[in-house]
Amino acid sequence: MNVLETLEKEINLALENVFDQKFEHLELAPTRKEFQGELTLLVFPLLKKIAAKPEEIGQRIGEFLLKGDYVSDFNVVKGFLNLSLKDDFLCKGLFGNVQNKDFGKSAPNQKVAMVEYSSPNTNKPLHLGHVRNNLLGYSVSKILDAAGYKVIKAQVINDRGIHICKSMVAWQKFAQGETPETQNRKGDHFVGDYYVAFDQAYKKEIDQLVEQKVDLETAKQTAPILLDAKEMLVKWEAQDPEVIALWETMNSWVYKGFEKTYQKLGVDFDLYQYESKTYLLGKDIVQNGLEKGVFYSKPDGSVWCDLTEFGLDENLKKLGYDFWDQMEHLSYGMVDLPTGKMKSREGTVVDADDLMEQMYQTAKEISKELGKIQDFSEEQKEEVFWKVGLGALKYYILKVDPKKRILFDPQQSVDFSGNTGPFILYTYARINSLFSALESDDFSQMDVSVEISDTEKQLLVQLFLYPEIIQKAAQAKSPAQIANYLYDLVKSYNGFYQNYPILKLEDQNLKKFRLMLSKMSAQVIESALDLFGIQTTERM
């Protein structure tokens, strides 16, 4: 039984009987702590169809609900109808969902969504900015899937252009036949080294030209190594066999490196597209835009589109594509570190692989200091270190609204208290420790007439709101909404755990209820973490 859906149907029944109106969606939220009740109906949206004062509408709905099986009391505060729910109604909802591993997820809704993320250049390894991109794209994909969409996870790989040729030219000039295998170096790192080497050589040549009295701008455009890269790009576009062979070889090195990073980060893709196979189509589209007057050329040959009166998402509409309004750009802010910004060409980026290793090491050090895993085998410890480290990284990044800039502090992210991944993972492990002491967690014989406290009611309502939270996060394309919900849920559970005995209870029916409440809390925590790509651990 879905408690919120059942209650919404009952409220709509009240609206039909009392006001001869029905609403497709009603706004329900947890009741504020200063008021009596567990769920609050927002009355103001009903004024669109009902010509009455909010207080009158709330009062008449509440009176109707008291006659039914779900509401025990109510109070109206201005435009808010606060509802106290019957214990047996909440218990039945718990009993009906505690073993439901898919609780919160919606049935397929026939909608399809393609989420495109990562989309790196093949001239350097992934860095911290790519990590945020990948985590956001993957999490949004998981959330949309849970909301009922058929999701296609895609990436468009930027595998052509002058930046790729820079790495290729540098390898030709400086590598002396070296390969990732001969240097025992991960392929994307190996190619990235030559991108940095190109920039270093380029700057030296500029300095040399300036010393020869060439003005700076001319020096930047005529440095020999840059001219070599431009010539290589022309040869690539002409499908020169030697250039194409080198390009394919170096890209293959990078792809192998990327795949290792994606596997460790825990993200994947259903569809790969390559710029090298689509750029000619893009040229045709640009030419079409120029002919229609949608685009215009500047003196330097670059092509522009003036979107100031529309916003950045209107481009396809101006070109006449009828699917323009089905596309959305999920923008996100930069990721900074306490040490400052990152620059790829200068080799000062925070490498994604190095970052994940650092998170593992940080989790290892803190876990050892806390002494929580002393009885673990070495294999178990390694598993926990990686899960905690990557969980800390993912949660820290995804809990922030995508549009906001992040200052990422690895040490802070692995704190075992506060709004962090490890704190949530530890709560999950704490709940599972309850069941390790039981011979069975069979709840089939529970009596649903148990009397429950206000704290337990509020926790139950938070759990029952989970499906609605997923839908809202899917609509907003924001994992941060899941994180906010999850942190509040974990705080509520810990408050319950610390103040209400469970295993030592003599009342076996109440004990079963509290174990069920704990079990469902663990299931929702695990499900929500999975939407972030975070794996749980049953012991910490």
Side-chain angles (χ1 to χ4, degrees), residues 118-126 154-183 185-206 208-209 214 217-259 269 271-290 295 297-303 344-347:
S118 193
S119 302
N121 296 330
T122 57
N123 62 320
K124 56 190 175 183
L126 304 178
Q155 69 163 318
V156 180
I157 300 172
N158 303 309
D159 63 340
R160 63 164 293 277
I162 190 67
H163 49 292
I164 311 296
C165 292
K166 288 177 180 179
S167 294
M168 293 165 63
V169 164
W171 184 86
Q172 283 184 328
K173 288 182 178 292
F174 310 126
Q176 297 181 337
E178 292 177 349
T179 68
E181 290 76 18
T182 63
Q183 299 303 301
R185 188 118 166 95
K186 195 162 167 278
D188 52 335
H189 289 220
F190 178 82
V191 172
D193 291 342
Y194 287 100
Y195 185 61
V196 174
F198 177 94
D199 191 62
Q200 293 170 342
Y202 177 53
K203 287 178 178 177
K204 285 182 182 179
E205 291 183 354
I206 291 172
Q208 290 169 357
L209 289 170
V214 177
E217 287 305 314
T218 301
K220 287 180 179 179
Q221 295 300 320
T222 59
I225 197 168
L226 178 62
L227 296 178
D228 289 342
K230 288 182 176 180
E231 181 184 357
M232 180 173 282
L233 179 58
V234 171
K235 288 182 177 180
W236 183 91
E237 291 184 345
Q239 294 292 290
D240 179 273
E242 289 186 12
V243 171
I244 293 297
L246 176 60
W247 171 75
E248 290 176 343
T249 296
M250 293 185 71
N251 274 351
S252 71
W253 294 339
V254 173
Y255 296 147
K256 289 177 183 176
F258 283 171
E259 194 54 41
F269 306 92
L271 177 66
Y272 293 80
Q273 295 178 317
Y274 300 88
E275 187 183 343
S276 59
K277 297 180 179 178
T278 60
Y279 82 103
L280 290 176
L281 174 63
K283 282 187 174 182
D284 292 341
I285 293 171
V286 171
Q287 185 60 42
N288 180 36
L290 286 168
F295 299 154
S297 293
K298 288 190 174 182
D300 63 358
S302 60
V303 177
S344 298
R345 287 188 296 272
E346 297 177 11

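Interatomic distance, L126 CG to H189 NE2, rounded to the nearest 0.5 Å: 8.0 Å. Rounded to the nearest 0.5 angstrom, I157 CD1 and K277 NZ are separated by 9.5 Å. For the atom pair I285 CD1 and N288 CG, the distance stands at 8.0 Å (nearest 0.5 Å). Atoms OH and CD, on Y194 and Q200 in that order, are 12.0 Å from each other to the nearest 0.5 Å. Rounded to the nearest 0.5 angstrom, N123 CG and H163 NE2 are separated by 5.5 Å.
Across all their heavy atoms, T249 and S252 have their closest contact at O-OG, 2.5 Å. Contact detail for Q239 and I244: the closest heavy-atom pair is NE2-CD1, 3.6 Å. Of all non-hydrogen atoms in E178 and F190, the two that sit nearest each other are O-CZ, 3.3 Å. A pairwise comparison of heavy atoms in G257 and K186 identifies O-NZ, 2.8 Å as the closest pair. The two residues T122 and V191 come nearest to each other via the heavy atoms O-CG1, 3.9 Å. Smallest separation of non-hydrogen atoms from I164 and N158: CD1-O, 3.7 Å.
Every residue two or more places apart in sequence or in another chain was checked for a side chain to side chain donor-acceptor pair (under 3.5 Å) with T278, and none qualifies. In this structure, the salt bridge (Lys or Arg N to Asp or Glu O under 4.0 Å) partners of E275, at least two apart in sequence or on a different chain, are R160. Taking F174 as the reference, nothing meets the ring pair (Phe, Tyr, Trp, His ring centres under 6.0 Å) condition, with sequence neighbours excluded. With sequence neighbours excluded, the residues satisfying side-chain contact (heavy atoms from CB on, under 4.5 Å) with V286 are L290, F295, V303.
Within the 6.0 Å centre-distance limit, the rings of Y279 and W236 are counted as a close aromatic pair.
Of the possible polar contacts, one joining the S119 side chain to the V156 backbone as a donor-acceptor pair under 3.5 Å is found.
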**OP:** Start with the C-alpha distance between Y195 and D199, add both sets of side-chain angles, then the distance that settles side-chain contact (heavy atoms from CB on, under 4.5 Å), and finish with yes or no.
**Re:** CA-CA 7 Å; Y195 185 61; D199 191 62; over 6 Å; no

Subject >> Verdict with reasoning, W247 to K235, per side-chain contact (heavy atoms from CB on, under 4.5 Å) >> reply: CA-CA 11 Å; W247 171 75; K235 288 182 177 180; over 6 Å; no

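Contact of the D193 side chain with the R185 side chain is registered, since non-hydrogen atoms from C-beta on lie closer than 4.5 Å. With contacts defined as side-chain heavy-atom distances shorter than 4.5 Å, the pair Q172/L246 qualifies. For the pair P120 and Q155, the minimum side-chain heavy-atom distance is below 4.5 Å.
A donor-acceptor contact closer than 3.5 angstrom links the side chains of D159 and S276.
Legend: salt bridge (Lys or Arg N to Asp or Glu O under 4.0 Å) pairs involving residues 243-252, not counting sequence neighbours: none detected.
When the shell of 6.0 Å around CD of E181 is examined, it contains more than 12 heavy atoms from other residues, nucleotides or ligands.
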Would you list the atom pairs, donor with acceptor, under 3.5 Å between side chains in residues 219-233 and any protein atom, with sequence neighbours excluded?
from	atom 1	to	atom 2	distance (Å)
T222	OG1	T218	O	2.7
D228	OD2	K173	NZ	3.1

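Relative orientation of the F258 and Y255 rings is tilted, given thresholds of 30° and 60° on the angle between their planes.
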